[in-house]
Every structure is written in structure tokens, then in C-alpha cells.
2 protein chains.
Amino acid sequence: MNAAINGFDATPEGELMVGGLPLRRLAARVGQTPFYAIDRERVRQRVAQARAALPPGVRLHYAVKANPMPALVGFIRPLVDGLDVASAGEMAVALDAGADPSHVSFAGPGKRDAELQQAVAAGVLVNLESAREVAVLAEASQRLGLPARVAVRVNPDFELRGAGMRMGGGAKPFGVDAEAVPQLLRDIGHAGLAFEGFHVYAGSQNLKGALIAQALRESWAMVQRLAADVPAPIRHVNLGGGWGIPYFPNEQALDLEPVTAALAGIEAERQRDWPGARLALELGRYLVGEAGVYVARVTDRKESRGQVFLVTDGGLHHHLAASGNFGQVIRRNYPLALGRQVNPTQTETVSVVGPLCTPLDVLGERVDLAPAHEGDLVVVFQSGAYGASASPQAFLGHPPCAEVLV
Amino acid sequence: MNAAINGFDATPEGELMVGGLPLRRLAARVGQTPFYAIDRERVRQRVAQARAALPPGVRLHYAVKANPMPALVGFIRPLVDGLDVASAGEMAVALDAGADPSHVSFAGPGKRDAELQQAVAAGVLVNLESAREVAVLAEASQRLGLPARVAVRVNPDFELRGAGMRMGGGAKPFGVDAEAVPQLLRDIGHAGLAFEGFHVYAGSQNLKGALIAQALRESWAMVQRLAADVPAPIRHVNLGGGWGIPYFPNEQALDLEPVTAALAGIEAERQRDWPGARLALELGRYLVGEAGVYVARVTDRKESRGQVFLVTDGGLHHHLAASGNFGQVIRRNYPLALGRQVNPTQTETVSVVGPLCTPLDVLGERVDLAPAHEGDLVVVFQSGAYGASASPQAFLGHPPCAEVLV
């Protein structure tokens with residue numbers, strides 16, 4: 001094996017290896033480009049790494065939204081302690097993957113009545129996000145003869161700093177404001193729902209371990225205050241996730257030491273105060289994001305007024321985030337390489353674009369790659385999360401991408 | 001009829017009318033929310049308006065990419081003189097809609113070999129974007145025994161100012177640099193392809209008529225220069241489109257007078273110099289954008305720390321552009337209204353959000369609507385173009401939206 005790139009191996013000749021296969025052989029096996037490939041061994045290693053950072057007894061959940069590819073969810077399900085879903089559609093993926101409903105939880109603002117009924121029928125835990133959901137669940141419980149299992153998703157009275165996206169603190173559509181939780185807990189008791197605990201999710205894509213640790217401590221303290229009003233013993237506390245991965249040269253991998261230290265203290269208090277309860281963390285992007293690549297083929301090599309464009313068959317319709325058009329304020333290149341030569345001694349500066357008739361369709365702007373020609377494969381790293389499912393695949397009528405787990 | 005809103009009528013009680021139906025009845029007819037509804041009468045009127053701005057004899061094409069909904073393409077096809085497509089997928093929609101292949105043209109960087117072969121077999125006009133395409137088309141022509149019909153898409157040596165997106169001028173992946181066109185024309189002649197003319201597309205979403213007029217004049221002058229080297233008489237010149245529609249309060253509808261004046265001059269020269277040729281303009285967004293609404297239902301009305309959130313069953317997974325996450329640098333609200341009261345005397349300030357677990361899922365931030373409750377319909381105007389097909393519908397596993405033509 002040659003020098004690695006972004007955590008993947010390469011052949012002695014410098015070709016990227018994914019799932020033990022040289023990339024061109026993998027592409028031939030897939031039978032089409034573009035495709036996403038998720039390396040199962042890297043997922044397994046990353047799950048082990050996350051587990052090692054958690055004190056014994058703290059549960060590790062996978063947030064299906066990061067990548068709902070059925071084969072991946074089926075692979076990761078036995079490696080983790082639970083699956084978190086954000087819709088009835090994701091719930092179906094989790095159940096199809098063989099998840100035990102007692103370890104599936106469902107969060108999301110604006111759950112439709114039909115979704116809430118499906119959740120009760122499935123027996124999954126519903127993270128309540130509004131008083132309205134209590135009434136709908138009570139009715140569904142009565143109709144189905146099953147008590148709805150619920151936790152309260154709390155909109156904290158603090159903000160997680162350093163997160164790529166903040167999802168708690170201030171006025172938010174997510175969860176129930178901390179100050180309104182005592183009344184909601186009473187409503188849950190009156191409605192006869194099966195209360196199990198709390199859910200707090202402060203933000204996502206955070207690369208500062210100390211800030212995640214601080215949010216965990218504050219979340220835990222808030223949950224302890226809210227526990228004064230619970231209608232039944234607490235069995236489950238989901239303290240969120242938001243562990244980030246580095247995408248850009250100025251970003252560094254998350255330092256988990258402060259997170260581990262914070263969780264050790266919290267878990268010790270949990271054992272002392274609530275021996276019948278379990279803590280859980282939910283991670284999505286962190287578990288799968290670095291394990292995946294997006295692979296497109298160079299359709300045309302064009303020079304225009306001194307610039308080289310590699311026009312590929314892949315683009316923003318499959319990988320909106322890499323094009324920089326999914327909520328990013330400033331477009332930055334995801335890490336890219338030419339598949340047959342990932343650590344070139346000689347490079348040229350090229351722009352990698354897609355087949356769409358729009359200047360938004362850029363995968364790499366002025367990146368240094370091995371000199372490329374038509375038929376070559378271009379690889380976008382850090383593509384295991386928020387890829388195919390987060391992209392407008394029908395845009396401009398091009399074929400959908402393939403997805404493989406290798 | 002009551003006061004109109006964004007060009008739509010309302011009932012005397014203030015309910016939005018689309019396609020002659022009050023919105024709640026239309027929603028009941030569709031049978032689900034969210035949905036897009038395109039008003040065919042407004043499309044017809046807009047096509048007539050565009051035609052009135054074109055000198056007699058100038059052809060009007062519809063750019064399918066703006067909205068490839070099959071029923072809409074079928075409706076608009078007999079109203080226009082041709083359809084422009086950006087992929088083999090869109091070509092199939094155009095042909096299914098009954099388009100005459102002689103009035104279909106196919107543009108796009110990075111056309112795959114298979115797509116080029118499909119285009120030759122279909123008999124549509126291929127807008128060449130690179131020297132590579134000449135070779136692939138020559139081979140396909142020979143294999144199929146049909147001469148490939150081609151025009152040259154030129155990357156101009158000027159830029160269209162004022163466009164929302166620039167697609168010509170400077171180094172670009174689109175088209176062939178003007179200075180490289182003479183050589184390409186010789187290659188086309190040697191390869192025996194059926195040369196028909198030129199295509200120039202300077203940019204999109206332009207609201208300045210004077211700037212569009214200037215780009216038309218410059219495009220025409222460039223085409224006249226390039227005509228010195230054509231291998232066959234020019235039959236077709238597509239001068240692009242890019243006519244914008246106003247989305248935000250500070251934007252004004254396009255003034256077409258300068259465009260009409262410029263085209264009159266160009267068309268007079270065309271008649272004098274190339275009596276066997278025809279000019280064409282291709283319009284997408286301008287023909288259908290204002291004719292469409294996106295309709296979502298309020299699932300939950302939540303108050304959080306003094307702010308009201310209307311959580312709806314629709315969001316960025318169906319309407320990425322309205323969420324402000326499709327290449328926009330600054331998020332601005334599309335025009336919104338509550339369906340049952342579009343011109344309220346009393347309003348409240350609310351944020352309209354979707355069901356996704358992400359702070360990106362916002363349809364309206366602090367907008368003034370009639371006071372709303374659960375079950376109400378929220379309408380996003382200016383949604384007839386770049387809606388369903390330009391959105392990540394699979395994101396988070398929610399159901400796809402419906403689309404109707406009424």
C-alpha cells in the first residue's frame with residue numbers, strides 16, 4: 001500500500017482503493033458512474049472510535065438522516081445501540097434494517113398525524129416537539145390500544161457555540177422551550193402517555209470538543225432541573241450529537257478528550273441519581289461522513305481562455321453540498337483527487353464541473369490534480385453523509401447516481 | 001373577484017383562486033399537500049405577452065429545464081415554436097409531449113456519448129459545446145446513417161451584465177470560446193455534420209431590459225463575424241433568453257421595450273443577410289415562473305420565546321430555492337400568503353418552516369400573514385420554475401410533492 005489519502009489506501013501505482021478494490025475496478029463493478037461508495041470497514045472503525053470515547057454504558061445511536069441508504073443502515077444497525085429517525089420514511093428504513101423499535105426514536109418538528117400514528121403502531125419512542133403532538137398521540141394510543149412512548153425534546157435556554165448549524169437556544173421551531181416543559185410534562189401525565197425521558201439537540205457539525213463538552217454539561221444540568229416534574233421515572237436521556245468532521249484545509253479533526261471527560265462526569269451522576277436510566281448520544285455525519293466518496297467520470301476536458309475544465313458526469317444534482325450550494329455562504333472545495341493518481345508528483349490546476357447548464361454546478365474550483373483526460377475518475381472525499389439523499393437528483397433530467405457499500 | 005395577489009384572483013372572502021378554483025377546493029381535488037399548482041391560463045397569457053414582444057418571424061422556444069412537468073410541457077408545446085432540452089431525460093419529455101424533433105435543440109456541457117447518440121437518432125439539433133462532441137457525433141451519424149444536426153454554442157467574448165447567473169464571457173465550461181469557433185466550424189465541415197447555426201446564452205434571471213438588449217446586439221454581431229467560416233448556410237440562430245421575473249420587493253418586472261427594439265433591428269438584418277435563417281429566443285422561468293404556486297399545510301402552530309412558527313408539511317425538500325439554499329448568498333423571502341385570506345386587514349408576524357430537522361428549512365422568515373391555525377394552507381408564489389425538479393425530494397424521507405396543471 002502506498003501513501004494514504006483522506007484515510008483511504010492507494011495501490012503502489014497511486015490508485016485510490018475503496019473497500020479493498022482499486023477504484024477503476026470498483027467502477028466497473030458498479031457498472032455506472034457517478035456513484036457513491038461507502039467503505040464498511042471505515043464505518044466499523046469509526047463506530048469503534050466513537051464508542052471508545054463514550055463511558056461504558058452510554059448508548060450510541062445512528063442518526064439515519066445523515067445517510068439513509070438501506071444497505072448502510074442495515075450494516076450499522078448491529079454496530080450501534082439504536083437508530084434515530086426524522087420521518088416515517090426513515091422509520092420504515094430503520095425497521096426494515098431490523099431495528100428493535102424499543103431502540104428507535106423519532107424526532108422532527110411538524111410530524112404529521114399519520115406519522116405519529118405510525119410511530120405508535122411501530123412502538124418507537126416519539127420525541128415530542130409540541131403540545132399538539134400530545135393530543136394526537138393520546139388519540140392514536142386509544143385507537144390502537146398501545147401507550148405512546150414519548151420523550152420531550154427540549155429547546156434549551158442556552159446556545160451551543162461553534163456549531164455549523166444551531167438547533168437550540170432562542171426562538172426555535174425545534175423542541176419545546178425549556179420553560180414550557182413542566183406544563184408539557186403534566187399534560188403528558190394526564191394524557192396517559194408512556195413518558196421515558198428527554199432529548200436535547202444543540203447543534204450540528206461542531207469541531208470544538210470543548211464546546212460540545214460544555215453543551216453536554218449544560219444540557220445535562222437542564223435535564224436535571226426539568227426532572228422535578230416528570231410524570232414517570234426517567235429511562236432515557238438523549239443528549240444529542242453534532243460531532244463534526246473536517247471538510248476544508250483550515251479545519252482540524254474533532255478532539256474528543258473534553259467530550260469524554262464531560263460524559264464521564266455526567267454518567268457518574270446518572271448512575272448515582274437515576275440508576276434505571278440510560279444516556280444516549282446520536283451521531284450521523286461523524287460515523288459515516290468520512291467513510292464515503294463520490295465518484296464521477298470525466299466526460300470532456302475543455303480549455304477555455306487559459307483555464308482547464310474537467311466536465312464530469314456528476315455534479316450538484318447528486319452532491320449539492322460539495323457544489324457549495326446547500327446553505328453554505330462561501331463556496332469551498334471538498335477534498336478532491338484523480339482516482340488513478342491520488343498523490344501526484346506533477347499536478348495541473350483545473351476546475352471540475354458537472355453536466356448541468358448552470359454555473360452553480362461546480363465540484364472543484366481551481367484544484368490541483370494529476371493531469372487528467374477523458375474517461376478518468378474524479379473522487380470527492382468526505383461524501384458519506386448528506387450526499388445522494390440531500391441532492392436534487394431530478395434536476396435537469398440526468399440519471400440518478402448509484403450507491404454501493406463496499 | 002376581489003383584489004388580486006401576485007397576479008392571481010381571490011374570492012370575495014379573500015381566498016386565493018388558482019386555475020379558477022378556490023385554494024381549499026383545489027387542495028381537496030389534489031388530495032394531498034404539499035403540491036405545486038401551475039395555472040395554465042397564466043402560462044398562456046405569458047406566452048402571448050412574450051410573443052408580442054418579439055418581432056414577427058422570431059421563434060419562441062421553451063427551455064424545459066425551468067419546469068419539466070410532463071403535463072406542462074405538453075400544454076406549452078403547441079403554444080411555442082420549439083423546445084430546448086438539457087439532457088437526454090429532458091429530450092424524452094419533449095418528444096413524449098409531441099414535439100417535432102426538428103424544433104428541439106439539446107444544449108449542455110459534458111453530454112455523454114449515449115446522449116449524443118440518442119440525439120442523433122431522435123433527429124434533434126445538438127448545440128455543440130466542445131470539439132470532442134464533433135467526433136462522437138460523426139461516429140453516431142455513420143452508425144445510424146443519419147447526419148447529426150448541429151449548431152455551435154458560442155462562449156461569447158463579452159459578459160451579460162445584470163444577470164442573476166452569468167453563463168458566457170471569460171473562461172467557462174459552457175460552449176466554445178468565440179476565438180476557437182472558426183476551427184470548430186472547419187472540423188464540423190470535415191466531419192460531414194449537418195451544420196445549422198449558432199447558439200449564444202449569456203446569462204439568466206436578468207431584470208434589466210436594456211442589458212438584455214445590449215447582450216442580444218453583441219451576440220448578433222458576434223454571430224455575424226463567425227458566419228464568415230460556416231460550412232453551410234445558417235438556418236437557425238438561438239440568441240438565448242435569461243428574461244427574469246421579480247421575486248423580492250425591491251425587484252421590478254422586466255421592461256421589454258428595449259428588448260423588442262433590439263430584436264427588431266437584428267431581425268431586419270437577418271432578413272436582409274440570411275433570408276433562409278430564423279432567429280429564436282429560449283425562455284424558461286419567464287414563461288412559467290409566475291404561473292405557479294407551492295402550497296403547504298400548517299401542521300403545527302408553535303410559539304417559542306415570543307416568536308410564532310407555522311410548521312408546515314412542505315419545505316426545502318420540495319422548494320429548495322424558496323428556502324434560500326440554492327446558490328443564494330443572502331436568504332430573502334419569496335412572496336407568501338395564507339391561502340384563505342390573501343389580503344388580510346389584520347396580520348401577525350410569523351416564520352413559516354418545514355418539517356425537516358434543520359434550521360435551513362425555512363419558507364418565510366418573519367413574514368406578515370393573516371393569523372393562521374393548524375390545517376391552514378400557506379402559499380409560496382413565483383414557484384412555477386425551478387421548484388420540484390430542483391429540490392432534494394428524498395431528503396429526510398418525507399413524501400414527494402404533487403404537481404398539478406389547472
Side-chain angles (χ1 to χ4, degrees), chain A residues 64-65 68 85-90 92-93 107-112 129-130 132-133 155 165-167 170-174 177 201 299-300 302 304-307 309 311-313 320 325-327 329 351 353-360 374 388-399, chain B residues 64-65 68 85-90 92-93 107-112 129-130 132-133 155 165-167 170-174 177 201 299-300 302 304-307 309 311-313 320 325-327 329 351 353-360 374 388-399:
Chain A
V64 171
K65 63 163 74 71
V85 300
S87 66
E90 286 189 2
V93 172
K111 300 180 198 80
R112 287 170 287 118
E129 314 233 0
S130 85
R132 169 195 153 260
E133 294 183 345
N155 178 24
M165 288 185 191
R166 283 187 205 164
M167 305 191 44
K172 286 280 183 302
F174 310 110
D177 294 347
Y201 195 93
T299 309
D300 207 339
K302 289 178 67 169
S304 170
R305 297 178 181 140
Q307 275 191 44
F309 291 91
V311 188
T312 71
D313 57 6
L320 188 62
N325 293 298
F326 195 36
V329 175
S351 288
V353 303
L356 307 188
C357 263
T358 162
L360 300 177
E374 286 154 28
S389 69
S391 299
Q393 295 227 27
F395 194 40
L396 265 55
H398 289 279
Chain B
V64 171
K65 64 162 74 71
V85 301
S87 67
E90 286 188 3
V93 172
K111 301 179 198 79
R112 287 171 286 119
E129 314 233 358
S130 85
R132 169 195 153 261
E133 293 183 347
N155 178 25
M165 289 186 189
R166 284 188 203 163
M167 305 192 42
K172 286 280 181 303
F174 309 109
D177 294 347
Y201 195 92
T299 309
D300 207 340
K302 289 178 68 169
S304 172
R305 297 179 182 140
Q307 276 190 44
F309 291 92
V311 188
T312 71
D313 56 6
L320 188 62
N325 293 297
F326 195 37
V329 175
S351 288
V353 302
L356 307 188
C357 264
T358 163
L360 300 177
E374 286 155 26
S389 70
S391 299
Q393 294 228 25
F395 194 41
L396 267 54
H398 289 279

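Protein chains get the first letters and strands the later ones, always in sequence-line order, with residue 1 at the start of each. Predicted, not measured: the structure shown is a model, and the values here were computed from it. Note that these values count all heavy atoms, side chains included, but never hydrogens, waters or copies made by symmetry.
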Peer 1: Can we say A:Arg112 and B:Asp313 salt-bridge, meaning some charged N sits less than 4.0 Å from an Asp/Glu carboxylate O?
Peer 2: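 The answer is no: the pair does not qualify as a salt bridge.
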Peer 1: When rounded to the nearest 0.5 angstrom, what distance separates CZ in B:Phe309 from CD in A:Glu129?
Peer 2: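 Going from the CZ atom of B:Phe309 to the CD atom of A:Glu129 covers 12.5 Å.
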Peer 1: Rounded to the nearest 0.5 Å, how far apart are OG1 of A:Thr358 and CZ of B:Phe174?
Peer 2: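 Going from the OG1 atom of A:Thr358 to the CZ atom of B:Phe174 covers 6.0 Å.
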Peer 1: How close do A:Gly108 and B:Cys357 get, heavy atom to heavy atom, and via which atoms?
Peer 2: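 Shortest heavy-atom separation between A:Gly108 and B:Cys357 comes out as CA-SG, 3.5 Å.
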Peer 1: Between B:Gly397, B:Ala86, B:Pro359, B:Ala394, which shows the greatest number of heavy-atom pairs under 4.5 Å with chain A?
Peer 2: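 Heavy-atom pairs under 4.5 Å are most numerous for B:Pro359.
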Peer 1: What residue, out of B:Glu90, B:Arg132, B:Lys65, B:Gln307, has the most heavy-atom pairs lying under 4.5 Å from chain A?
Peer 2: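 Maximum pair count with chain A is reached by B:Arg132.
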Peer 1: Is there a donor-acceptor pair under 3.5 Å between the side chain of A:Ser87 and the backbone N or O of B:Leu396?
Peer 2: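 Yes, the answer is positive, given that a donor and an acceptor are paired below the 3.5 Å cut-off.
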Peer 1: Give, for atom CG of B:Leu320 and atom CG of A:Leu320, the distance between the pair rounded to the nearest 0.5 Å.
Peer 2: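 So the gap between those two atoms works out to 6.0 Å.
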Peer 1: Please give me the minimum heavy-atom distance between A:Gly354 and B:Pro109, naming the atom from each residue.
Peer 2: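 It is O-CG, 4.0 Å.
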Peer 1: Give the member of A:Val311, A:Asn325, A:Leu360 that has the highest number of heavy-atom pairs under 4.5 Å with chain B.
Peer 2: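 With the most close heavy-atom pairs to chain B, the winner is A:Asn325.
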Peer 1: Can you tell me which of B:Val353, B:Asp300, B:Asp177 forms the most heavy-atom pairs within a distance under 4.5 Å of chain A?
Peer 2: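 Of the options given, most contacts go to B:Asp177.
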Peer 1: Count the heavy-atom pairs under 4.5 Å between each of B:Lys172, B:Gln393, B:Glu133 and chain A, then report the option with the highest count.
Peer 2: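 Maximum pair count with chain A is reached by B:Lys172.
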Peer 1: Based on non-hydrogen pairs under 4.5 Å, which of B:Ser130, B:Gly89, B:Pro392 is most in contact with chain A?
Peer 2: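 Counting heavy-atom pairs under 4.5 Å, the top option is B:Pro392.
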Peer 1: Looking only at the aromatic ring of each residue, does the gap between the centers of A:Phe326 and B:Phe395 stay below 6.0 angstrom?
Peer 2: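 Yes, ring centres under 6.0 Å apart.
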Peer 1: For the candidates B:Gly110, B:Pro355, B:Pro173, B:Ala390, which exhibits the highest count of non-hydrogen atom pairs separated by less than 4.5 Å from chain A?
Peer 2: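 Counting heavy-atom pairs under 4.5 Å, the top option is B:Pro173.
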